[in-house]
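Structure first, commentary second.
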Amino acid sequence: MTSIPLRARTIELWGAHNPGLDTAPMELVAQVKRISALLDLAVEPIYDGAAVTAAEVGLLVPLRHLGEPVTAIRLAARLGMSRAGVSKTLAKLERRGLISRVVNPADRRAALISMTDEGKALVDDVFPRELAAHGELLSGLGKDRARVLDVLTGLAEGMEARLGGER
């Protein structure tokens, strides 16, 4: 008996279990998840013992070069994250002195968020190393890089449109 890769076997079994089920998305979603996991794996050594997590840096990077403070709601929308998740992460970052929050004079229910000098220094140290790790992982694309980027951009834009606009 030949050994079928787990992904192919899973698709085959779902098709046998439910013949009317369209299993075509499984292959693409599996590859997207695989790529995401590999990108995460590449940066694990950078964040092992660091003062921040990769997820926290993902939230800090857009704040780093903003010319003005931003609200948590706007930040969540820009990042396609839940407000609750952003708020929870911002609270942790504020306790550690990496961001500051001040009451928004235009809407006292919201806070304006900006990075502290300590937060900027931390991002300036960690993020370039993350980019280098990702760059190394993606270096095998060579001349196909632009084509892959176009296809992924088209995929993301199509998905956003189906979900009701840019996130």
Side-chain angles (χ1 to χ4, degrees), residues 3-16 18-48 50 52-90 93 98-99 113-115 119-167:
S3 176
I4 300 174
L6 179 60
R7 187 177 316 110
R9 181 71 178 139
T10 301
I11 291 168
E12 180 183 287
L13 290 170
W14 270 104
N18 187 342
L21 183 64
D22 177 12
T23 58
M26 288 177 72
E27 289 180 275
L28 187 55
V29 170
Q31 290 304 326
V32 170
K33 288 181 178 182
R34 179 180 176 196
I35 290 166
S36 179
L38 291 167
L39 290 169
D40 290 345
L41 187 62
V43 299
E44 272 184 9
I46 294 166
Y47 292 101
D48 187 32
V52 287
T53 66
E56 290 169 338
V57 168
L59 200 143
L60 288 171
V61 164
L63 288 173
R64 174 59 180 98
H65 295 289
L66 285 179
E68 57 190 29
V70 66
T71 63
I73 292 170
R74 183 172 171 120
L75 186 60
R78 283 179 121 178
L79 297 173
M81 295 174 62
S82 74
R83 291 179 189 177
V86 167
S87 182
K88 182 177 177 181
T89 302
L90 289 173
L93 294 170
L98 302 176
I99 63 150
I113 299 142
S114 56
M115 290 185 69
K120 289 175 183 176
L122 188 59
V123 168
D124 289 352
D125 173 55
V126 174
F127 188 60
R129 292 188 285 140
E130 180 176 327
L131 282 178
H134 286 162
E136 173 62 29
L137 202 59
L138 297 168
S139 65
L141 285 174
K143 63 182 175 139
D144 292 328
R145 183 187 185 284
R147 185 176 56 81
V148 170
L149 182 58
D150 285 344
V151 170
L152 290 173
T153 300
L155 175 63
E157 289 171 354
M159 293 170 80
E160 286 170 345
R162 281 177 171 61
L163 289 173
E166 188 174 339
R167 293 217 161 300

Result block: side-chain N/O donor-acceptor pairs under 3.5 angstrom for residues 20-46, not counting sequence neighbours:
{"from": "D22", "atom 1": "OD1", "to": "A24", "atom 2": "N", "distance (Å)": "3.0"}
{"from": "Q31", "atom 1": "OE1", "to": "R34", "atom 2": "NH1", "distance (Å)": "3.4"}

With sequence neighbours left out, write down each residue that passes side-chain contact (heavy atoms from CB on, under 4.5 Å) with [X], or none if nothing qualifies.
X: V151; value: none
X: L13; value: R9
X: T89; value: E56, L59, L93
X: K120; value: R64, M115, D117

By side-chain hydrogen bond (donor to acceptor under 3.5 Å, both in side chains) - contacts of E157 (at least two apart):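 Listed in chain order: nothing, the list is empty.
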
Compare every heavy atom of [Y] with every heavy atom of [X], then report the nearest pair and how far apart it is.
X: G58; Y: P62; result: O-CD, 3.2 Å
X: S82; Y: G85; result: OG-N, 2.9 Å
X: F127; Y: V57; result: CD1-CG1, 4.1 Å

Return the [atom1] to [atom2] distance between [X] and [Y], rounded to the nearest 0.5 Å.
X: L66; Y: R74; atom1: CG; atom2: CZ; result: 8.5 Å
X: M159; Y: L155; atom1: CE; atom2: CG; result: 5.5 Å
X: I113; Y: L90; atom1: CD1; atom2: CG; result: 4.5 Å

Does the side chain of L60 come within less than 4.5 Å of I99's, by heavy atoms?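 Yes; the side chains approach each other to less than 4.5 Å.
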
Please collect all side chain to side chain donor-acceptor pair (under 3.5 Å) contacts where either partner lies in residues 131-150, sequence neighbours excluded, each pair once.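 Residue pairs passing side chain to side chain donor-acceptor pair (under 3.5 Å), neighbours aside: none found.
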
